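Before any comments, here is the structure.
All chains are named by letter (A, B, ...) in the order of the sequence lines, taking the proteins before the strands, and each is independently numbered beginning at 1. Both backbone and side-chain heavy atoms feed into the values below; hydrogens, waters and symmetry mates do not. What you are looking at is a predicted structure, and each value in this text was computed from that prediction instead of being measured.
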Amino acid sequence: MPELPEVEVVRQGLARGVVGRTVATVRVTRDRAVRRHGAGAEDFTARLTGRTLVSAERRGKYLWLPLDSGEALVGHLGMSGQLLVVPGAAPLPRHLHVRVGFDDGGRELRFVDQRTFGGLQVVEGGEPVPPLLAHVARDPLDPLFDDEAFVAALRRRRTGVKRALLDQTLVSGIGNIYADEALWRARLHGARPTELLTRPAVRRLLAHARDVLSEAVRQGGTSFDALYVSTEGVSGLFERSLNAYGREGQPCPRCGTPLRRESFMNRSSSSCPRCQPRPRSGR
DNA sequence: AGTGACGCCTGGGAGC
DNA sequence: TGCTCCCAGGCGTCAC
């Protein structure tokens, strides 16, 4: 499941593999993959063809490639999306939805997505950020992320701290995996009410989130299965560094207590019953 | 305005 | 063996 680290690894691959190149051909073989492009697949193709990709940017889990037209190719990987840079003659995988060829005849860009929660679209504006993505907060690895504004905003919320971490308008890039990991490191239960957390506690949580995200980037992200891979098709290695996510029933690496699993927000959370006690009343 | 529930998707695995 | 059900979950939309 691509979250910030996985998306960042893909962004780096796009920067190496497609930036500076000019689009020659676009083939959309599944309209759903470009459903966010309101004007349709033909318009998507027309706006991309002949354009040069200027750079590769990311905010949270969104990627975008500014074009020399002033527009930008925006991508989101959803649950299972892949952006691959491969030779055009490479075998065509199942769930291949979009192919972008370049005028230099080199490797092509492919969008592959099993569950099609992700997608591509061409939108106006790319620098510094497309207006479409204005609602997405900066992420903790963004040099302009405002720590104290985040601490204040989180404490103004009246919700559980895990919900807050997953709210992309408050802080972006964190999904279920890294939320569980950051909470484990901070020894906080996800249902702890945000308005009752002290400023130092929120600062510690943010520092842990930042740490786990950057460590995961260095490990190439987390790959549970073949659904997440880099643009080169390589799996990430961070799974072996997970302390909480997906480890229910196994001993807490800190205290040895078996980790618990709870259903929460229609998703599963795992945490340590001893290190992360459940609040008396929580969300 | 802030908060939270819902639906979109597919494949793999469990259970019968 | 083959069927059904459940689960993974990011995010836009909508109701309150």
Cluster check A:F145, A:V161: I/L/V/M/F/W/Y, side chain < 4.5 angstrom: yes

Does a nitrogen or oxygen in the side chain of A:R157 sit under 4.0 Å from OP1 or OP2 of B:dT3? yes

Would you call A:D139 and A:R59 a salt bridge, taking side-chain N to carboxylate O under 4.0 Å as the test? no

A:Q114 CD to B:dT10 C1': how many Å, rounded? 5 Å

I want to verify a distance call: between C:dG12, C:dC11, B:dT3, whose nearest atom is closest to the A:R36 side chain? C:dG12

In whole angstrom, give the distance that lies between atom CG of A:L170 and atom P of B:dG2. 11 Å

Find the distance A:F117:CZ to C:dA8:P and express it as a whole number of Å. 13 Å

Over all heavy atoms of both residues, which pair between A:R110 and A:A90 is shortest? Give the atoms and the distance, please. NH2-O, 3.0 Å

A:R115 has an atom CZ; how far is it from atom P of C:dC11, in whole Å? 15 Å

Rounded to whole Å, please give me the gap between CG in A:D113 and P in C:dA8. 19 Å

Each residue besides A:W64 in its hydrophobic cluster should be listed here, by chain and number; the cluster joins Ile, Leu, Val, Met, Phe, Trp and Tyr at side-chain heavy-atom distances under 4.5 Å. A:Y62, A:V74, A:V123, A:V129, A:L132, A:L133, A:V136

When you check the phosphate oxygens OP1 and OP2 of B:dA5, does a side-chain N or O of A:R163 lie under 4.0 Å from one of them? yes

Could you check which of B:dC8, C:dC11, B:dT3 has an atom nearest any side-chain atom of A:Y62? C:dC11

Per A:R32 side chain, nearest of listed nucleotides C:dG10, C:dG12, B:dC9: B:dC9

Can you identify which nucleotide, out of B:dT3, C:dG10, B:dG11, has its nearest atom closest to the A:R94 side chain? B:dG11

Round to the nearest Å and state the distance from A:H76 atom NE2 to C:dG12 atom P. 7 Å

Does a nitrogen or oxygen in the side chain of A:H135 sit under 4.0 Å from OP1 or OP2 of C:dG12? yes

Could you give the CG-to-C1' distance, from A:D139 to C:dG10, as a whole number of Å? 16 Å

When rounded to the nearest 0.5 angstrom, what is the spacing between OG1 in A:T222 and CG in A:L242? 5.0 Å

Which one, B:dC9, C:dC7, C:dC11, comes nearest to the side chain of A:R30? B:dC9

Nucleotide C:dG10, atom P - distance to OH of A:Y178 in whole Å: 12 Å

Considering only C:dG12, B:dC9, B:dT10, which nucleotide approaches the side chain of A:H95 most closely? B:dT10

N/O (side chain, A:R261) to phosphate O (OP1/OP2, C:dA8) under 4.0 Å: yes

Below 4.0 angstrom from OP1 or OP2 of C:dA8, is there any side-chain N or O of A:S80? no

